[in-house]
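Naming: A, B, ... by sequence-line order, numbering from 1 per chain. What you see is a predicted model, and the numbers here were worked out from it, not measured in a lab.
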Number of protein chains: 2
Amino acid sequence: MNASPRRKELTRLAAQLFVQEGFDKTTVRMLAQEMGIKSGSLFHHFKDKQEILAAVIEEGTHNALRIARRALEYSPTDPEARLRTMARAHLETLFTDRNAHVVALFEWRRLDDEAKAHLSHLRDAYEALWVEVIDAALEAGLIHGDRFLVSRFVLGALNWTVRWYDPAGPRTPDDLADELVGMIIPAKR
Amino acid sequence: MNASPRRKELTRLAAQLFVQEGFDKTTVRMLAQEMGIKSGSLFHHFKDKQEILAAVIEEGTHNALRIARRALEYSPTDPEARLRTMARAHLETLFTDRNAHVVALFEWRRLDDEAKAHLSHLRDAYEALWVEVIDAALEAGLIHGDRFLVSRFVLGALNWTVRWYDPAGPRTPDDLADELVGMIIPAKR
DNA sequence: GTCTATATTCAGATAGAC
DNA sequence: GTCTATCTGAATATAGAC
């Protein structure tokens with residue numbers, strides 16, 4: 001709702017801490033220190049800690065959706081390229097965009113029911129993009145299986161990279177995306 | 001270390017709560033209530049809350065390793081069947097064995113450094129099983145890609161099922177495992 | 001092995017001055 | 001918009017009786 005520049009900046013910093021420490025282990029005092037203010041001042045910007053989480057997750061999902069949509073616009077239209085585009089966009093929001101999408105994926109459970117209800121349509125819109133692209137790949141005979149399961153397996157493989165991938169290592173996120181797509185597509189003809 | 005039957009039972013109950021609520025959100029009072037004792041009594045069995053987590057994760061990883069090894073013994077020896085066997089075993093420990101493996105995967109970060117050091121060899125042994133089976137599939141030309149990445153993508157896809165799969169639904173864990181293997185293997189010849 | 005009682009610490013959140 | 005000061009509740013853990 002409210003989106004003052006200050007609040008946006010605070011949300012960005014919160015996302016970083018939530019990824020590093022986890023939502024539960026991040027105290028409002030830690031958040032405040034990172035933001036260069038005292039803990040009491042935080043509650044001028046956010047009603048409570050829950051609202052900070054909701055703000056982060058909203059931004060994270062929103063970014064993922066925006067970046068994926070834009071990437072699809074500029075993508076070649078063949079199903080394989082679009083699959084690659086989506087995978088690249090997904091990892092881009094996880095590793096280079098800035099953390100908020102990671103929080104959206106890994107701390108969703110910590111949202112209260114109200115926030116979940118409010119944000120689930122955003123998440124669903126993003127997943128719908130995926131199902132769309134996967135459907136096209138299925139119809140083209142590029143991959144095979146159940147559309148629902150394939151989407152979830154692919155997203156699972158991508159999401160889990162957060163747990164092991166080191167962006168400082170030799171591979172780029174794009175490398176990972178291409179490898180994953182290569183894995184589920186029959187060998188190059 | 002210590003493995004009194006009582007402690008084993010408590011560990012089992014703790015695993016269940018850790019999955020339902022998450023480690024951080026599970027209080028020692030909740031644990032005690034579930035176990036039918038008072039919170040103070042818990043510390044007769046475990047030095048502190050950390051030790052409960054370590055016990056759960058040790059059991060979870062140990063179970064996963066044991067079940068996978070045994071499943072491979074009885075598995076046909078062709079690479080595709082062994083891949084399927086590993087995937088089935090993995091989901092079996094996640095959904096039907098009982099929760100401890102889920103905790104091992106999702107709360108690993110919460111272990112202190114000492115526990116991580118003590119348990120990482122167990123985890124590595126389990127992952128080595130996977131790499132072995134995946135290597136065989138690569139050599140047989142059944143799948144293609146980097147052994148390291150393929151293992152991690154497959155495990156990611158499997159692990160993430162915890163977040164969306166409903167065991168009460170129409171599909172069995174074995175169905176999921178077979179679908180995943182089908183997804184990464186070229187269409188039936 | 002479990003109980004009661006409690007020490008201790010720390011978290012989220014509020015009030016009112018500046 | 002930020003500060004200081006503080007309330008309130010809750011969580012981990014301990015001590016000693018039974």
Side-chain angles (χ1 to χ4, degrees), chain A residues 1-59 103 107-116, chain B residues 1-59 103 107-116:
Chain A
M1 298 290 163
N2 171 19
S4 70
R6 183 79 176 122
R7 186 177 150 122
K8 268 218 122 188
E9 168 71 0
L10 299 179
T11 303
R12 199 180 63 79
L13 289 169
Q16 200 183 326
L17 270 179
F18 288 167
V19 170
Q20 270 172 40
E21 313 286 335
F23 173 69
D24 292 322
K25 281 292 185 206
T26 304
T27 69
V28 294
R29 283 174 177 82
M30 292 165 69
L31 287 166
Q33 180 166 31
E34 196 74 11
M35 298 163 179
I37 57 181
K38 298 295 179 180
S39 69
S41 311
L42 247 184
F43 295 92
H44 176 76
H45 302 279
F46 301 92
K47 174 173 140 285
D48 54 21
K49 199 186 166 192
Q50 265 289 318
E51 197 177 280
I52 307 180
L53 178 62
V56 171
I57 290 186
E58 175 161 16
E59 203 206 286
V103 178
E107 305 285 3
W108 179 269
R109 279 162 38 108
R110 292 283 159 255
L111 287 173
D112 57 37
D113 289 342
E114 196 186 355
K116 277 201 192 100
Chain B
M1 297 293 164
N2 171 15
S4 70
R6 185 78 176 122
R7 187 176 150 122
K8 267 218 122 187
E9 168 71 2
L10 298 179
T11 303
R12 199 181 64 80
L13 289 169
Q16 199 183 327
L17 270 179
F18 288 166
V19 170
Q20 269 172 40
E21 313 287 336
F23 174 68
D24 292 323
K25 283 292 186 205
T26 303
T27 68
V28 294
R29 282 176 178 78
M30 292 164 69
L31 287 166
Q33 181 166 31
E34 197 75 10
M35 298 165 180
I37 56 181
K38 299 295 179 180
S39 69
S41 311
L42 248 184
F43 295 92
H44 175 76
H45 302 278
F46 300 93
K47 174 172 141 284
D48 54 21
K49 200 186 166 191
Q50 265 289 317
E51 196 177 280
I52 307 180
L53 179 62
V56 171
I57 291 186
E58 174 161 15
E59 201 205 286
V103 179
E107 306 286 3
W108 178 269
R109 279 162 38 110
R110 291 287 159 252
L111 287 173
D112 57 35
D113 290 341
E114 196 187 354
K116 277 201 192 98

- Query: Given atom CE of B:Met30 and atom C1' of D:dA10, what is their separation to the nearest angstrom?
  - Reply: 13 Å

- Shortest non-hydrogen contact from A:Leu111 to A:Ala54? CD2-CA, 3.8 Å

- Item | B:Arg110 to A:Gly22 - nearest heavy-atom pair and separation | NH2-CA, 3.6 Å

- Could you tell me the separation between the CZ atom of B:Phe23 and the C1' atom of D:dA11, rounded to a whole number of Å? 12 Å

- Item | A:Asp24 versus A:Lys49, closest heavy-atom pair with distance | O-NZ, 3.8 Å

- Task: Grab the two heavy atoms, one from A:Thr26 and one from A:Glu21, that are nearest each other, plus how far apart they are.
- Result: OG1-CB, 3.5 Å

- Steps toward side chain to side chain contact (heavy atoms under 4.5 Å, CB included) verdict (B:Phe23, B:Leu17): CA-CA 8 Å; B:Phe23 174 68; B:Leu17 270 179; over 6 Å; no

- Task: For B:Val103 and B:Ala15, work out which heavy atoms get closest and say how close.
- Result: CG2-O, 3.7 Å

- Counted 5' to 3', the first and last nucleotides of DNA chain C within 4.0 Å (strictly under) of a heavy-atom of chain A are C:dA11 to C:dT14

- Message: For a quick check of understanding: with a heavy-atom distance under 4.0 Å over all strands, which category does B:Thr26 fall into, base, sugar-phosphate or nothing?
- Response: sugar-phosphate

Can you give each donor-acceptor pair under 3.5 Å made by side-chain atoms of residues 29-43 of chain A, sequence neighbours left out, with the distance rounded to 0.1 Å?
residue	atom	partner	partner atom	Å
A:Ser41	OG	A:Lys38	O	3.4

- Minimum-distance pair of heavy atoms, taken over all atoms of B:Gln20 and A:Arg109: O-NH2, 3.7 Å

Between protein and nucleotides 13-15 of chain D, what N or O pairs are separated by less than 3.5 Å?
residue	atom	partner	partner atom	Å
D:dA13	OP2	B:Lys49	N	2.9

